[in-house]
Amino acid sequence: MSKGTKVPGYMQGKGSRNPRGIIGDREIRYKCSLQNTILDVLRGRPGWQEVPGDGDWDFYWCDREWLAQNYDTMFLYEHQKILHFRNHYELTRKNLMVKNLKRLKKQTERELGKAEGQSFEFFPTTYELPSEYHIFVEEFKKNPGIIWIMKPAARAQGRGIFLFRRLKDITDWKKGEYQPLSDPNREVPETYVVQRYIENPYLIGGRKFDVRVYVLVVSYNPLKVWLYRSGFARFSNTRFSLDSIEDTYVHLTNVAIQKNAPDYDPDKGCKWSTQQLRKYLSAKHGVEAVKKAFKGIDNIIIKSLQSVQKIIINDKHCFEMYGYDVLFDSDLKPWLIEINASPSLTASGKEDYDLKFGLLNDLLNVLDLENRLTGKEKRVGGWDLLWEDGPILADDGNMECAPNGTTASIPNSFLGCHNERKRQLRELYTAAQSIKKS
């Protein structure tokens with residue numbers, strides 16, 4: 001790369017020279033660890049060039065393992081961008097996510113009162129095992145008969161999850177794994193979280209679902225957050241029932257689980273777009289009720305990010321695209337299930353590919369390595385600026401999901417609202433496919 005003193009990315013001063021970097025009019029050089037939709041998007045962007053091997057890069061869509069191994073010894077130039085913040089796991093490991101939310105909730109109650117603490121009532125009662133096993137047992141005995149769900153803290157795609165009603169259901173599981181480590185050579189037991197199961201999920205056609213929401217963080221200090229308009233609801237393949245808590249096809253909505261169901265139809269899948277979901281809910285419950293429910297999702301996003309704002313190592317070279325999983329209960333209250341640092345970018349069908357292609361192409365436009373934006377944009381493609389050191393209000397001409405006649409300022413949040421990008425997607429898709437074939 002060009003001459004200049006290298007310093008670790010997170011140590012670079014805010015007032016360094018040449019703030020737009022050294023790309024200029026040349027092509028943008030990228031690397032990509034994945035072989036799915038993101039690679040199609042990168043190859044389809046005019047003026048972007050893939051870098052082989054260990055070549056110099058301007059943009060790197062890396063995996064978490066590569067970042068963990070290389071970040072601390074990496075030196076970055078002003079203009080370089082890389083996926084993931086150094087300690088992203090503070091928000092995306094299930095046990096740490098809850099720990100950080102509990103801490104911020106306590107701090108909020110201490111400083112602003114119990115009433116303000118109510119705004120954190122969006123995650124189920126949760127304990128970390130093995131460290132909080134005895135506290136959990138006390139809570140379990142206070143609430144006999146309710147259902148709990150066990151989840152490995154650091155696994156994804158529904159692996160290792162199971163439900164139980166009786167303490168003895170986990171006694172055998174616990175034996176040999178959560179005993180004191182008398183043997184110094186013995187492996188440390190895997191961390192789990194145990195949560196109170198939401199027994200009254202909102203059902204459509206008798207089936208449970210959760211909602212995948214995409215969130216882009218380009219800075220933690222100050223906190224700057226974008227929310228993508230499109231996403232999808234993932235349905236279970238089997239009608240909901242509390243009589244069969246051992247049936248994962250009933251209780252887990254992960255596609256990795258559902259695609260193995262005996263009657264799964266790969267052509268139909270088990271997904272609705274967030275736009276379809278919002279229309280359905282609005283027709284059944286009214287616009288205001290749904291607006292309140294989706295405002296609850298905004299609250300989940302901001303509170304969760306604020307819970308790690310002072311912990312995440314902020315680096316202007318880094319960005320994060322989170323996949324939030326949210327579940328509505330029968331009262332349309334949204335609950336945070338988990339947050340993914342690497343949401344799947346592998347498409348399950350044509351509609352899913354179109355969604356993810358547009359999501360990622362718009363994300364690159366937000367990051368703006370080409371230096372086309374003014375920095376004052378509230379919307380870029382399907383991404384809406386939700387927060388920039390405070391809430392962002394929508395412009396008067398950007399009211400797709402507002403009730404007729406609304407004149408008051410509303411948050412710049414349009415999850416599940418109209419996303420005008422079908423024609424753009426067709427053009428981008430055609431360009432990417434032609435490059436792929438060449």
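Computed from a predicted structure; not experimentally measured. In what follows, residues are counted from 1 in the order of the sequence shown.
For NZ of Lys99, the number of neighbouring non-hydrogen atoms (other residues, nucleotides, ligands) closer than 6.0 Å is 12 at most. By the neighbour-count criterion of 12 heavy atoms within 6.0 Å, atom NZ of Lys102 is densely surrounded, having more than that number from other residues, nucleotides or ligands. The environment of CG in Asp54 is sparse: at most 12 heavy-atom neighbours from other residues, nucleotides or ligands sit within 6.0 Å. Around CZ of Arg86, the count of heavy atoms belonging to other residues, nucleotides or ligands within 6.0 Å exceeds 12.
Paired with Thr126 under the rule side chain to side chain donor-acceptor pair (under 3.5 Å), one option of Gln195, Lys151, Glu132 passes, and it is Gln195.
Of the possible donor and acceptor atoms, one in the side chain of Arg239 sits under 3.5 Å from a partner among the backbone N and O of Gly205. Put simply, the side chain of Ser282 never gets that close to the backbone of Lys279: no donor and acceptor are under 3.5 Å apart. Here the side chain of Asn70 pairs a donor or acceptor atom with the backbone of Trp66 at under 3.5 angstrom. Between the side chain of Thr37 and the backbone N or O of Leu345 there is at least one donor-acceptor pair closer than 3.5 Å. In this structure, Glu199 contributes its side chain and Ile147 its backbone to a donor-acceptor pair below 3.5 Å.
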Step by step, work out the salt bridge (Lys or Arg N to Asp or Glu O under 4.0 Å) result for Asp298 and Lys295. CA-CA 5 Å; Asp298 293 347; Lys295 188 176 180 182; over 6 Å; no

Can you check salt bridge (Lys or Arg N to Asp or Glu O under 4.0 Å) on Asp325 and Arg212, steps first, answer last? CA-CA 5 Å; Asp325 291 336; Arg212 169 57 56 86; 2.7 Å; yes

Can Lys356 and Asp352 be said to form a salt bridge (Lys or Arg N to Asp or Glu O under 4.0 Å), step by step? CA-CA 6 Å; Lys356 289 171 179 174; Asp352 199 39; 3.0 Å; yes

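By the 30° and 60° cut-offs, the orientation of the rings of Tyr220 relative to Phe85 is perpendicular. Ring geometry for Tyr322 against Tyr324 counts as perpendicular: the plane angle is over 60°, on a 0 to 90° scale with 30° as the lower cut. Using the six-membered ring where Trp is involved, Tyr214 and Phe232 have ring planes that are perpendicular, over 60° apart on the 30 and 60° scheme. The aromatic rings of Trp148 and Phe136 lie perpendicular to each other, with more than 60° between the two planes, well past the 30° mark.
Stacking of Lys208 on the aromatic ring of Phe240 is not recorded, the 6.0 Å distance cut-off and the 45° axial limit not both being met. In this structure, Arg278 forms a cation-pi arrangement with Phe294, its terminal cationic atom sitting closer than 6.0 Å to the ring centre and no more than 45° off the ring axis. A cation-pi arrangement, defined by a distance under 6.0 Å to the six-membered ring centre and an angle within 45 degrees of its axis, is absent between Lys333 and Phe122.
Note on Asp389 versus Lys224: no salt bridge recorded, every NZ/NE/NH1/NH2 to OD/OE distance being 4.0 Å or above.
Here CD of Glu351 is found 10.0 Å from NZ of Lys271. Values are rounded to the nearest 0.5 Å.
Outside the 6.0 Å centre-distance limit, the rings of Tyr280 and His285 are not counted as a close aromatic pair.
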